[in-house]
Amino acid sequence: MSQLQPARGTQDLLPDEMRRHRMVVETARRVAERYGFAEMATPIFEFTEVFARPIGETTDIVSKEMYTFTDRGGEQVTLRPEATAGIMRAILSNGLTQQAPLKFFYSGPMFRYERPQKGRYRQFHQIDVELVGIAQPQADVEVIAAGARILDELGILSRTELELNTLGDAETRRKYRALLVDYYNQHRAALSEDSLRRLETNPLRILDSKDRGDIAVNAGAPEFHRHLNDASRAFFDGVRRGLDALGIAYKINPRLVRGLDYYTHTAFEFVTRDLGAQGTVMGGGRYDGLIELMGGPAMPGVGWAAGIERLAMLIAEPPRLARPIAVLPVGEASEAAALRLSERLRRAGFTVDQGYSGNLARRLKRANKIDARIALLLGEDELKREAVTVRDLDTGEQSEVPMAGLEDRLARFR
RNA sequence: GCGGGUGUAGCUCAGUUGGUUAGAGCGCCAGAUUGUGAUUCUGGAUGUCGUCGGUUCGAAUCCGAUCACUCGCCCCA
């Protein structure tokens, strides 16, 4: 039995669920292209180094969540846990750094080895947008605006809230981090076990702790916005002015800290209360040092990723696909003619399903089940008269229509 | 990785203090109707009670382990 189950944290996407995924991806692709993001794709696995260094050795993703293995050639490879690092590698591999700005849209599966929950899987799917080569806050604004537009066209923008923060430039972040470490070291006794660990790995994370003791300690912690240097403050103001100008509502969340090491300046998340513990539906920010860290030129970038499963859980039932026409041969003599008729209609752009077997009642029943709009009955009588019987499956009305010019008579069912 | 909850038919679920042939609704199949579905009526099949082991004369029911799902923590999309 266990062998017949999908591996933990993976799932089959049966047609109903797949339709929801498709609606998410197709909406995102359409909107992203309106903003000038071109779709691209990278391999599903890369050399482990591509992810390990930029994401950060101490992050959970690298230290315990990567699907890493040695292939038959002895290479260390990893199933990608996120999209950005692979896209940056592709930019460098293909010498695209000369062509900035680069604007990419991406969608596909990601892999993280962690305990599954609602909205969290070991194989999950993301849509992703990256804008590389623009150092100005307008890039951040455009990226966030594209995200908001996608959520809006999916009909769920009103169920989310945009949280915004800045991590400052590298200098600001380094100095603030040192201040925080000093402060927390003076209050070690009051910190939770998790936060003592965070103090070593990612002290900014302590600010977002849900532990009561930590919350009390955080009340007295140095506040980040007081330690922003002028350049970082000016940048953040620019992002806010841009969002204000577009009428995009946001809430400043000083405790919003992105997990991956490469983020600078802008950090943001669209969050919802409707998904339990996995409230983040779309998250991203600016990563000005990333490409240099990977061995390329100094080149700024900003982007986001959104979880398709999480978005799919929020959207309303997607519209049904085109209702098919059922072509039903009556008796063996008309089977070949029915096949030809189906092909002819498909060539003309109709969605057509054939009745496969059984008597007419059985085939009509099946036509009903696949939600066919009309059935075309083709028996010896019709063959003789070079016509088909068109039966409306919603109303039960039927009439005989000549084969010649049938496409025009059926136009409204295309 | 840590803690809580739940596993009975394809689906949603009932199943008494441990008791003999484990049930309902929906869905599925067949017939009423061999050229007319969706409605109606009649009949039918659902199953390793998640799995393995233990206690017992007897286990869906009690105990243990394990697997899966689920909720929370960690972290993230």
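Numbers restart at 1 for each chain; the letters A, B, ... are given by sequence-line order, proteins then strands. Only a predicted model underlies this, so the values are computations on that prediction, with no experimental measurement involved. Both backbone and side-chain heavy atoms feed into the values below; hydrogens, waters and symmetry mates do not.
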- Watson-Crick or G-U counterpart of B/A14, or none if no pair lies under 3.5 Å: none
- Query: Quick one: is B/C73 close enough that its OP1 or OP2 comes under 4.0 Å of any side-chain N or O from A/K210?
  - Reply: yes
- Closest-nucleotide ordering on RNA chain B, the 5'-leading residue of A/E269 and A/D208: A/D208
- Message: Tell me which nucleotide, if any, is Watson-Crick or G-U wobble paired with B/U20 when both distances must be under 3.5 Å.
- Response: none
- Message: Measuring to OP1 and OP2 of B/C69, would you say a side-chain N or O of A/R8 lies under 4.0 angstrom away?
- Response: yes
- Partner nucleotide, any strand, of B/C69 [Watson-Crick/G-U, under 3.5 Å]: B/G5
- What distance, rounded to whole Å, do you find between the two C1' atoms, one in B/A14 and one in B/C73? 35 Å
- Using the P atom in both, what is the distance from B/A24 to B/G31, to the nearest Å? 23 Å
- Message: Quick check on B/A30: is either OP1 or OP2 less than 4.0 Å from any side-chain nitrogen or oxygen of A/R362?
- Response: yes
- Message: Any base atoms under 4.0 Å from A/D381, or only sugar-phosphate, or nothing? Heavy atoms, all strands.
- Response: base
- Task: Tell me what A/G284 touches on the nucleic acid: a base, only sugar-phosphate, or nothing, going by heavy atoms under 4.0 Å.
- Result: nothing
- Return the value, rounded to whole Å, for the distance between atom CD1 of A/I206 and atom C1' of B/C75. 15 Å
- Query: When you compare B/G1 with B/C75, how far apart are their C1' atoms, in angstrom units rounded to a whole number?
  - Reply: 11 Å
- Message: To the nearest 0.5 Å, what is the distance between OG1 on A/T160 and CZ on A/R310?
- Response: 14.0 Å
- Query: Given side chains that start at C-beta, do those of A/E317 and A/R20 come closer than 4.5 Å, heavy atoms only?
  - Reply: yes
- At under 4.0 Å, does any side-chain N or O of A/R115 touch on OP1 or OP2 of B/C71? no
- Message: Could you check whether A/R89 pairs with A/E46 (Lys NZ or Arg NE/NH1/NH2 to Asp/Glu carboxylate O, under 4.0 Å)?
- Response: yes
- Is A/Q117 near enough to B/U70 that one of its side-chain N or O atoms lies under 4.0 angstrom from OP1 or OP2? no
- Ion pair check, A/R22 and A/E17, cut-off under 4.0 Å: no
- Quickly work out the A/K369 NZ to B/G37 C1' distance and round it to whole Å. 11 Å
- Can you tell me how far P in B/A38 sits from the matching atom in B/C29, rounded to whole Å? 11 Å
- Considering only the P atoms, how many Å lie between B/U6 and B/G53, rounded to the nearest integer? 24 Å
- Query: Say you draw a straight line from CD1 of A/I144 to CG of A/L164; how long is it, rounded to the nearest 0.5 Å?
  - Reply: 5.5 Å
- In whole angstroms, the gap separating P of B/C28 from CG of A/N368 amounts to 11 Å
- Query: Over how many whole Å does the gap from A/D12 atom CG to B/G10 atom P extend?
  - Reply: 17 Å
- Message: Quick check on RNA chain B: between A/Y113 and A/A372, whose nearest nucleotide comes earlier from the 5' end?
- Response: A/Y113
- Which part of the nucleic acid does A/E382 contact within heavy-atom distance under 4.0 Å: base, sugar-phosphate only, or nothing? base
- hbond_proxy A/R391 side chain to B/G37 base (donor-acceptor, 3.5 Å cutoff): yes
- Message: Return the pairing partner of B/C62 with a 3.5 Å limit on both distances, Watson-Crick or G-U wobble; otherwise return none.
- Response: B/G54
- Message: Within the 4.0 Å heavy-atom criterion, would you say A/R120 contacts the bases, only the backbone, or no part of the nucleic acid?
- Response: base
- Charged tip of A/R120 within 45° of A/F124 ring normal and under 6.0 Å: no
- May I ask you to say what A/G331 touches in the nucleic acid, namely base, sugar-phosphate or nothing, with a heavy-atom cut-off under 4.0 Å? nothing
- What distance, rounded to whole Å, do you find between the two C1' atoms, one in B/G50 and one in B/A45? 23 Å
- Task: Could you tell me whether A/M282 contacts a base, only the sugar-phosphate backbone, or nothing, with contacts defined as non-hydrogen atoms closer than 4.0 Å?
- Result: sugar-phosphate
- Message: Output the rounded distance in Å from CG (A/L393) to C1' (B/G37).
- Response: 7 Å
- In whole angstrom, what separates A/L275's CG from B/G72's P? 10 Å
- Which part of the nucleic acid, if any, lies within contact of A/E82, taking any heavy atom under 4.0 Å across all strands shown: a base, the sugar-phosphate backbone alone, or nothing? nothing
- How is A/A305 classified with respect to the nucleic acid when contacts are heavy atoms under 4.0 Å: base, sugar-phosphate, or nothing? sugar-phosphate
- Task: Quick one: label A/L377 by what it contacts on the DNA or RNA (base, sugar-phosphate, nothing), any heavy atom closer than 4.0 Å.
- Result: base
- Could you work out the separation of B/U8 and B/C13 based on their P atoms and round it to a whole Å? 9 Å
- Message: From CG of A/N359 over to C1' of B/A30, roughly how many Å is that when rounded to an integer?
- Response: 12 Å
- Message: Counting the atoms with a prime plus P, OP1 and OP2 as sugar-phosphate, which does A/Q398 contact under 4.0 Å by heavy atoms, base, sugar-phosphate, or nothing?
- Response: base
- Task: To the nearest Å, give me how far apart CG (A/D194) and P (B/G3) are.
- Result: 14 Å
- Tell me whether the centres of the aromatic rings in A/F37 and A/F104 are closer together than 6.0 Å. no
- Using distance alone, with no hydrogens and no angle criterion, decide if A/T10 and A/Q123 have a side-chain donor and acceptor under 3.5 Å apart. no
- Item | B/G44 and B/U70, which share atom name C1', separated by this distance in whole Å | 36 Å
- Regarding the side chain of A/R112, the nearest nucleotide among B/A77, B/G1, B/A38 is B/A77
